[in-house]
Amino acid sequence: MKERREFIKKSIFGAGGLTIGAMSFSAKSYASIMGANERLRIAVCGVNGRGKTHIREFSEHQDSEIAYLVDPDSRVLGERVQGLRDGKTNSNKVKGEKDVRRVLEDKNIDAISVATPNNWHSLMVVWAAQAGKHCYVEKPASHDVHEGRIALAAAQKYGIVVQHGTQRRSSDDWAKQIGEIKSGKYGKMKVSHGFACKPREGIGYSPVTNPPNHLDWNLWKGPSVIDGYHENLVHYNWHWFWQVGNGELNNQGTHQLDVAYWALDDEVANTHPKRVMALGGRFRWDDQGETPNTMFALAEFANGQYVFFNVRNVNHEGYEREVTNRFYFEDGGRLMEGGEYQSHNGSQPRDVASKPVAITPGGAFGSFIAACKANDPMMANGNMYDAHYSCTMGHLMNISYRLGEKVPFNAKAGRFGDNQLAFEEFMKIHETARDGMGVPVDQADYIVGPWLEFDGEAEHFVGDRSIEANRLLYDPRRAEFDLPSPGSV
């Protein structure tokens, strides 16, 4: 809680020289002060996939215009630039650029939005902050724990607006539901449970080859140490390789992890879990991908609350898609997304006053524009502080999985002690894998990760397996794209 108060204080009163009342800036940051009628000039970085949504939102919003599109793939970049120039929007004078560093040198740019692969996210936040530019960064805001801390330090120091691409933070419905949970309407929450269960297919195998001429391979790799180019990396399947992506848990799952974190009691909502574990596997596909397509993960907090998380991607007859959150309470009652309450032994919601969590209106992109024009980092719906903590929870779960050992695929694989609810939730996934996906009992293997203890203040693991786990808090980086330390941003 102390660290969050310091973040708010620095964001409002000017670690980077920003003073909301007087609207003054120091030389540390020249993020522009905009008049009410001026448009925010934005560079969209990464224009394939999710980047197309950024282009549409910012080019059509009356208070913003796209000045640059940035992408290392000249073919994709050319198509997007031409599309904007041909369109009837306020962004038809857009320029194309492959290297964001050149764009950040342009004093007329107010902000960048980042829809690149995950390995670029934190670096772009840091570079934007150092250049005095605001930053909308897609989820997850970091590819590893260490760089997330550096991005947070940069946001604090320079006082820029950073908004995380977790759109549920901009949802009136979710703000209302989170407010009701925190009010005690349903009693004490025991477990905040997220689900990223959507059907996907295997990606097969692609050989290592020379990158195509239209791709600047050095810029695409950015910070990551990657052995060689293959077509399963560009442009989407990088999600399933640890050097660049974070698997489904911190892909689609980042949205649901963030909601799960958001709903925790205030006493722990701004802390890290004290221990984590995960188990799962990459079943049925026999492909090149590295991350699990089936996963159950747990994070325990100091007050005894848990976050559970499910990943389930393998399609099959009768597949039930669940991209959602649920909340389990001490009296046995359960709350579903949208407010449906499932009573247990007569449990009922309490008659208590509740109010929605305050959010900036305008949706994910409109609220970011408003925060930038007001030069107010605390107007961001999902600022860099909240992004760092919710993303770290997923990174820690993934680290447990990556340190896991093979265990026969059966109901005994889970190691949950006396946590009966955890066992019940694991069994739902196990039975789905066994009966729906057809994973043969005792003829396949789970990867079962260890319980890992985490020192949230120091942001490192302690206890058993901590030496191995701490190595995974920081990805190897190439020198050209290295990061400063948190204290020297």
Side-chain angles (χ1 to χ4, degrees), residues 7-8 10-45 53-70 84 89-94 100 103-104 106-115 124-125 127-138 141 154-167 169-172 175 358-387:
F7 173 77
I8 294 171
K10 289 179 179 179
S11 296
I12 294 177
F13 296 113
L18 174 60
T19 307
I20 297 302
M23 287 296 188
S24 63
F25 283 82
S26 76
K28 291 180 179 178
S29 173
Y30 59 77
S32 61
I33 302 172
M34 305 187 66
N37 296 319
E38 294 181 26
R39 289 185 180 134
L40 193 75
R41 288 175 56 81
I42 295 175
V44 176
C45 307
T53 301
H54 288 220
I55 293 170
R56 183 183 71 247
E57 292 284 345
F58 287 124
S59 67
E60 295 179 354
H61 200 290
Q62 64 179 1
D63 285 340
S64 65
E65 65 175 290
I66 299 174
Y68 288 93
L69 298 181
V70 185
L84 269 183
T89 71
N90 52 32
S91 300
N92 56 15
K93 295 181 180 179
V94 65
V100 69
V103 172
L104 292 172
D106 187 338
K107 65 181 181 180
N108 295 312
I109 292 299
D110 303 301
I112 65 172
S113 73
V114 181
M124 288 205 182
V125 172
W127 283 355
Q130 291 173 333
K133 316 296 187 185
H134 305 301
C135 186
Y136 184 104
V137 60
E138 271 301 336
Q156 289 176 314
K157 179 176 180 179
Y158 295 98
I160 64 163
V161 174
V162 177
Q163 182 156 312
H164 194 203
T166 45
Q167 294 92 346
R169 289 274 180 164
S170 297
S171 162
D172 291 332
I359 61 174
T360 300
F365 294 94
S367 60
F368 172 69
I369 294 168
C372 292
K373 294 187 72 174
N375 283 303
D376 186 350
M378 297 315 298
M379 285 177 63
N381 293 335
N383 56 48
M384 189 61 219
Y385 184 93
D386 293 326

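- Each of T89, T53, I66 was compared with F58 under the side-chain contact (heavy atoms from CB on, under 4.5 Å) criterion, and only I66 meets it.
- Take A371 and apply the side-chain contact (heavy atoms from CB on, under 4.5 Å) test, not counting sequence neighbours, and it matches V161, M379.
- Listed by chain and number, the residues in a side-chain contact (heavy atoms from CB on, under 4.5 Å) with S170 are Q163, A364, S367, N381 (sequence neighbours excluded).
- When every heavy atom of C372 is checked against every heavy atom of L40, the shortest pair comes out as CB-CD1, 3.6 Å.
- Side-chain atoms of K133 never come within 3.5 Å of backbone atoms of I160 as a donor-acceptor pair (strictly under, hydrogens ignored).
- Looking at heavy atoms from C-beta onward, I359 lies in side-chain contact with D172 at the 4.5 angstrom threshold.
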Practice prompt. Determine, stepwise, if the pair D110 / R39 fulfils side chain to side chain contact (heavy atoms under 4.5 Å, CB included).
Written response: CA-CA 9 Å; D110 303 301; R39 289 185 180 134; over 6 Å; no
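- A111 and F368 get closest at one heavy-atom pair: CB-CZ, 4.0 Å.
- The residue from R56, E60, H61, H54 that alone fulfils the side-chain contact (heavy atoms from CB on, under 4.5 Å) condition with F365 is H54.
- In this structure the side chain of Y68 reaches within 4.5 angstrom of the side chain of D106, judged on heavy atoms.
- Shown are N90, N92, I55, V44; of these, the side-chain contact (heavy atoms from CB on, under 4.5 Å) with L84 is made only by I55.
- With hydrogens and angles ignored, the 3.5 Å screen pairs no side-chain donor or acceptor of R41 with any backbone N or O of E65.
- Contact record, P377 with N383: O-CB, 4.3 Å, taken as the closest heavy-atom pair.
- Distance check, rounded to the nearest 0.5 Å: SG of C45 to CG of L104 gives 7.0 Å.
- Scanning both residues, C135 and V125, for their nearest heavy atoms gives SG-CG2, 4.0 Å.
- A distance-only check finds a donor-acceptor pair linking the side chain of H164 to the backbone of A141 [under 3.5 Å].
- Of the inter-residue distances, the one linking T166 atom OG1 with D386 atom CG reads 8.5 Å to the nearest 0.5 angstrom.
- Closest approach of K373 to E38, counting heavy atoms only: NZ-O, 2.9 Å.
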